[in-house]
There are 4 protein chains.
Amino acid sequence: MSPATLPKPSEPRWRRRAEARPEEILEAALEEFGARGFEAARMEDIAKRAGLSKAAIYLYFQSKVALLEALIEAKVGPLAQTAQMIASAGSADPLNALRTLATAAAFRLNDPALLAVPRLVIGISGRFPEIATYYREHVVEKARGALEALIEGAMAKGQIRRADKNAIVRAFIGPLFFEAMWTHVLGGETALHDPQKLIKQQFDVLLSGLELRA
Amino acid sequence: MSPATLPKPSEPRWRRRAEARPEEILEAALEEFGARGFEAARMEDIAKRAGLSKAAIYLYFQSKVALLEALIEAKVGPLAQTAQMIASAGSADPLNALRTLATAAAFRLNDPALLAVPRLVIGISGRFPEIATYYREHVVEKARGALEALIEGAMAKGQIRRADKNAIVRAFIGPLFFEAMWTHVLGGETALHDPQKLIKQQFDVLLSGLELRA
Amino acid sequence: MSPATLPKPSEPRWRRRAEARPEEILEAALEEFGARGFEAARMEDIAKRAGLSKAAIYLYFQSKVALLEALIEAKVGPLAQTAQMIASAGSADPLNALRTLATAAAFRLNDPALLAVPRLVIGISGRFPEIATYYREHVVEKARGALEALIEGAMAKGQIRRADKNAIVRAFIGPLFFEAMWTHVLGGETALHDPQKLIKQQFDVLLSGLELRA
Amino acid sequence: MSPATLPKPSEPRWRRRAEARPEEILEAALEEFGARGFEAARMEDIAKRAGLSKAAIYLYFQSKVALLEALIEAKVGPLAQTAQMIASAGSADPLNALRTLATAAAFRLNDPALLAVPRLVIGISGRFPEIATYYREHVVEKARGALEALIEGAMAKGQIRRADKNAIVRAFIGPLFFEAMWTHVLGGETALHDPQKLIKQQFDVLLSGLELRA
DNA sequence: CATGAATGAGGCTTCATTCAT
DNA sequence: TATGAATGAAGCCTCATTCAT
């Protein structure tokens with residue numbers, strides 16, 4: 001049989017899957033790492049979940065740790081970008097942007113998969129401090145920055161009174177973070193099933209203290 | 001020689017070590033588990049740190065998991081009691097009690113060892129959900145209860161205005177928890193080195209929203 | 001080069017070993033278990049004897065106990081079949097079949113490897129009664145049944161007089177079993193080096209009591 | 001309380017136990033070794049069963065193997081003596097003595113404890129061939145000798161016809177041994193619950209072939 | 001004589017990683 | 001690129017044995 005009869009040898013079908021492999025593996029890794037923790041997760045299970053053999057993972061990642069690092073990196077990028085966008089998008093009505101943002105966050109925190117990364121990072125922070133630091137710098141710090149920008153804007157526009165920005169950021173992130181941990185990590189019942197109400201309550205308590213008084 | 005000068009034979013010196021062993025082991029376990037995570041920690045290292053042989057640990061704890069459970073249990077008791085005490089102690093001036101409590105908490109959060117347990121719990125929550133739940137029920141829920149009692153008191157006494165208690169509790173715990181994670185887990189610089197100021201800021205932001213308005 | 005000279009690609013050479021592995025391991029296990037007993041045998045020695053690494057055994061058998069069970073099972077099948085065959089083969093002249101069978105058994109009992117399984121089973125019977133029972137049901141009971149059939153046939157054909165079948169079977173198996181233990185387990189000198197004579201003696205003593213009298 | 005009121009201080013009560021200790025330990029060892037096999041039996045369990053501490057066993061026996069050896073030795077003596085007695089006691093009517101002896105044996109084989117030693121010996125024969133040999137020489141060989149003497153007597157007195165003594169002995173011991181293994185080791189149902197009948201059957205089958213013919 | 005405490009040595013088992021195909 | 005097979009290193013746990021009292 002002559003090669004000419006073969007369909008596009010320059011771009012065979014099986015290539016398509018192969019090109020998607022790294023992402024599939026990362027996805028599988030996230031699920032396994034998230035569910036069992038880094039140490040307890042087995043490469044074999046990740047492979048099975050990604051639909052290939054244990055050995056094949058090593059064609060794409062040098063080691064288990066490398067896989068972990070790639071995973072964090074992959075998950076970090078989009079978040080950072082999102083943060084960036086948010087900050088700039090809210091220049092017109094920063095206070096409202098904050099509220100929208102918080103509501104969106106509350107909704108997304110309902111997705112256990114989203115917490116998998118932070119939980120994972122916390123879990124490995126002892127053994128891989130650099131990864132924890134990386135995550136902080138590229139995610140938490142970015143988010144903090146974006147929030148601060150919004151808050152700064154709100155203060156500049158007179159939407160809220162002046163106060164320590166650091167404290168305000170904490171007051172925004174902290175409760176959400178805590179509720180998320182409480183719910184998805186510790187298994188508690190939660191206000192998260194009604195994110196809208198959750199945020200309303202939080203803003204009710206929080207923002208009223210920051211409103212301008214007559 | 002008068003019998004009175006003899007050390008009580010019912011409590012011989014050599015026993016002392018043996019009786020203290022479980023605690024010594026738990027302490028060592030906390031340090032190793034805390035530093036490396038449950039899976040990565042090696043029984044041998046725990047033993048070495050506790051000053052005995054690997055096998056000796058098994059005289060006191062049935063298995064690595066049993067050791068983990070005992071550790072959580074041991075660390076939980078005192079915290080729960082503390083919470084109880086606080087709640088009742090603050091009946092006279094609940095708002096002030098809250099402030100004092102927050103300051104104390106901020107001080108203690110500076111001790112990395114204190115965060116070791118929550119961090120550990122978060123890390124293993126995937127593999128041992130029952131332990132995570134146990135921790136929530138016996139520590140976080142208790143703390144939440146104690147706080148709610150204080151807040152309820154403050155509202156009853158007219159020290160702060162009425163608002164959703166759940167939200168208020170979150171607003172208290174969340175920022176501190178977040179700051180602690182930020183600092184000791186993710187390795188960030190922090191406002192925690194000046195707990196007094198940290199709390200002042202937080203209360204400034206938070207409580208002003210809860211103050212009674214004319 | 002003609003395709004015909006190529007080794008079938010569907011059965012590559014390197015596969016051969018892998019497919020034979022379980023049997024090789026079982027063989028090695030039999031030797032080690034037989035020589036030292038189940039508990040004293042070390043997986044590492046079995047592996048070495050089978051020509052692979054300790055860990056490789058676990059690719060084929062879940063645990064040491066599973067290996068033991070597989071071993072018994074593997075050794076049981078053929079025996080049971082043999083018994084079946086014998087029973088049916090002797091329908092023409094049962095008494096003669098008995099004699100032939102006994103001789104064959106006496107010959108085979110000379111092979112120490114053959115006794116390894118029963119000896120092993122006896123050794124572990126305390127810890128694994130189910131295995132002992134399994135062995136009895138699938139081997140000894142089958143053999144007993146086959147013998148009884150022969151004896152029944154011999155009685156029906158008037159070759160021997162009627163007597164308690166159970167007792168006769170015992171009288172056949174018992175002495176051989178005893179001699180085998182005596183020789184290969186207890187290390188005694190034996191009549192087994194002359195199986196022919198051994199059987200002649202046994203039949204002389206035994207069958208003369210079962211002959212029909214005038 | 002004056003010493004006078006104490007019973008015989010020169011022979012304190014606790015001494016009595018101490019003097020019996022070795023035997024108690026051996027008894028406990030027999031039960032544990034018998035139930036689990038030598039390797040699987042734990043010194044601690046033996047100690048517990050004997051009512052003392054693990055360490056105390058080492059006051060009486062140098063090691064686990066030494067304990068095993070002492071156990072075999074202790075169990076061997078009486079049996080050998082019994083055999084001796086039997087042989088001489090049966091000089092008047094050897095055939096009847098044989099019958100009596102077989103019945104007694106059948107009764108005793110009902111006691112699982114009695115089989116514990118042979119089973120144990122078979123189990124360890126691979127690892128401790130000397131012990132197996134020792135057992136054969138001191139027990140089985142003695143028994144064989146005693147039986148042979150009886151049989152010789154019976155032949156001399158014309159109670160049974162002449163035949164190969166070795167074969168006759170096997171024909172006596174074998175079936176009983178087999179039935180005992182079948183029952184107490186392999187867990188089979190058995191004719192042993194009616195020893196009297198068992199022996200009657202066996203002798204019916206066996207001795208009729210040895211009777212003198214007209 | 002007796003024991004609670006302790007340990008060194010060793011076995012089973014797992015798993016990340018490599019290799020031959 | 002893909003994988004079934006294989007392994008070395010390591011960890012948990014057990015247990016016979018010793019020691020200090």
Side-chain angles (χ1 to χ4, degrees), chain A residues 12 14-15 17-19 21 39-47 51-67, chain B residues 9 12-19 21 39-47 50-67, chain C residues 9 12-19 21 39-47 50-67, chain D residues 12 14-15 17-19 21 39-47 51-67:
Chain A
W14 58 266
R15 274 277 176 191
R17 293 225 70 203
E19 271 154 17
R21 280 287 150 88
E39 303 282 348
R42 292 159 67 243
M43 291 297 266
E44 179 143 28
D45 290 340
I46 296 174
L52 31 62
S53 76
K54 222 184 342 176
I57 295 185
Y58 289 85
L59 298 174
Y60 301 97
F61 302 95
Q62 289 231 355
S63 70
K64 198 184 180 186
V65 172
L67 181 55
Chain B
R13 261 158 317 172
W14 61 268
R15 281 267 177 186
R16 278 219 310 265
R17 294 230 75 195
E19 271 157 15
R21 279 287 147 89
E39 303 283 346
R42 289 161 59 245
M43 290 298 267
E44 180 144 28
D45 290 339
I46 296 175
L52 30 62
S53 74
K54 210 181 356 172
I57 296 184
Y58 291 88
L59 296 175
Y60 301 96
F61 302 96
Q62 291 227 357
S63 68
K64 199 182 180 186
V65 172
L67 180 56
Chain C
R13 260 156 318 170
W14 61 269
R15 282 264 178 190
R16 277 222 309 269
R17 292 229 77 195
E19 272 158 14
R21 278 288 145 88
E39 304 283 345
R42 289 159 62 243
M43 290 299 267
E44 181 144 26
D45 290 340
I46 296 175
L52 29 63
S53 76
K54 214 182 353 173
I57 295 185
Y58 290 86
L59 296 175
Y60 302 96
F61 301 96
Q62 292 227 357
S63 68
K64 198 182 180 187
V65 172
L67 180 55
Chain D
W14 59 267
R15 272 278 177 190
R17 295 222 71 204
E19 272 156 15
R21 279 287 149 90
E39 303 283 346
R42 292 160 65 246
M43 291 298 267
E44 180 142 29
D45 291 340
I46 296 174
L52 30 61
S53 75
K54 220 183 346 175
I57 295 185
Y58 288 84
L59 297 173
Y60 300 97
F61 302 94
Q62 290 232 355
S63 71
K64 198 184 181 186
V65 172
L67 181 54

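Below, each value reflects all heavy atoms present in this structure, side chains not excepted, and no hydrogens, waters or symmetry copies. Each chain gets a letter, A, B and so on, in the order the sequences are listed, and its residues count up from 1. In this text, all values refer to a predicted model and were calculated from it rather than measured experimentally.
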Practice task
Quick one: label B:Leu52 by what it contacts on the DNA or RNA (base, sugar-phosphate, nothing), any heavy atom closer than 4.0 Å.
Solution key: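 Here B:Leu52 touches the backbone only, sparing every base.
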Exercise for the section: Report which part of the nucleic acid C:Ala41 touches: base, sugar-phosphate, or nothing (heavy-atom distance under 4.0 Å, all strands). Expected result: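 Counting heavy atoms under 4.0 Å across all strands, the contact made by C:Ala41 is with sugar-phosphate only.
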What nucleotide, of [options], holds the atom closest to the side chain of [X]?
{"X": "B:Ala56", "options": "F:dA2, E:dT7, F:dT14", "answer": "E:dT7"}
{"X": "B:Arg42", "options": "F:dT17, E:dT13, F:dC12", "answer": "F:dC12"}
{"X": "A:Met43", "options": "E:dT13, F:dT7, E:dA16", "answer": "E:dA16"}

In whole angstroms, how far is the [atom2] atom of [N] from the [atom1] atom of [X]?
{"X": "D:Glu44", "N": "E:dA6", "atom1": "CD", "atom2": "P", "result": "15 Å"}
{"X": "D:Ile46", "N": "F:dT17", "atom1": "CD1", "atom2": "P", "result": "11 Å"}
{"X": "B:Leu67", "N": "F:dG11", "atom1": "CG", "atom2": "C1'", "result": "15 Å"}
{"X": "D:Tyr58", "N": "E:dA5", "atom1": "OH", "atom2": "C1'", "result": "15 Å"}
{"X": "D:Asp45", "N": "F:dA16", "atom1": "CG", "atom2": "P", "result": "9 Å"}
{"X": "A:Ile57", "N": "E:dC15", "atom1": "CD1", "atom2": "C1'", "result": "13 Å"}
{"X": "B:Gln62", "N": "F:dC13", "atom1": "CD", "atom2": "C1'", "result": "12 Å"}
{"X": "C:Lys64", "N": "F:dT14", "atom1": "NZ", "atom2": "C1'", "result": "13 Å"}

Handout entry: Partners meeting side-chain contact (heavy atoms from CB on, under 4.5 Å) with B:Glu44 (sequence neighbours left out)
Key =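 Counting only residues at least two positions away or on another chain, B:Glu44 forms a side-chain contact (heavy atoms from CB on, under 4.5 Å) with B:Arg42, B:Lys48, B:Lys54.
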Practice task
Apply side-chain contact (heavy atoms from CB on, under 4.5 Å) to A:Phe61 and list each qualifying residue two or more places apart in sequence or on a separate chain.
Solution key: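 Partners of A:Phe61 under the side-chain contact (heavy atoms from CB on, under 4.5 Å) test: A:Pro22, A:Ile25, A:Leu26, A:Ile57, A:Leu67, A:Ala70.
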Practice task
Select from A:Ser53 and D:Glu39 the residue whose nearest nucleotide in DNA chain F is closer to the 5' end of that strand.
Solution key: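 Looking at the nearest nucleotide for each, A:Ser53 comes out on the 5' side.
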Handout entry: Position toward the 5' end of DNA chain F (nearest nucleotide), C:Ala55 or B:Ser63
Key =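 It is C:Ala55, whose closest nucleotide lies nearer the 5' terminus.
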Practice task
Identify the heavy atoms of B:Glu39 and B:Lys64 that sit nearest to each other, and give their distance.
Solution key: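 Nearest heavy atoms, B:Glu39 then B:Lys64: O-NZ, 3.3 Å.
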Handout entry: Closest contact, heavy atoms only, A:Ala47 versus A:Ser53
Key =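 Closest approach of A:Ala47 to A:Ser53, heavy atoms only: CB-C, 3.7 Å.
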Handout entry: Contact under 4.0 Å: C:Arg21 side-chain N or O vs F:dG4 OP1/OP2
Key =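 Answer no for this pair, as no side-chain N or O of C:Arg21 is under 4.0 Å from OP1 or OP2.
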Problem - Any D:Tyr60 side-chain N or O less than 4.0 Å from OP1/OP2 of E:dA2 - result: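 Indeed, a polar side-chain atom of D:Tyr60 lies that close.
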Handout entry: Presence of donor-acceptor pair under 3.5 Å, side chain of C:Lys54 and base of E:dT13
Key =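 In this structure, the two groups form a donor-acceptor pair.
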Practice task
Runs of at least three consecutive Watson-Crick or G-U pairs, both distances under 3.5 Å, are what I'm after; which ones involve DNA chain F?
Solution key: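 In DNA chain F, stems of three or more pairs: E:2-21 with F:2-21.
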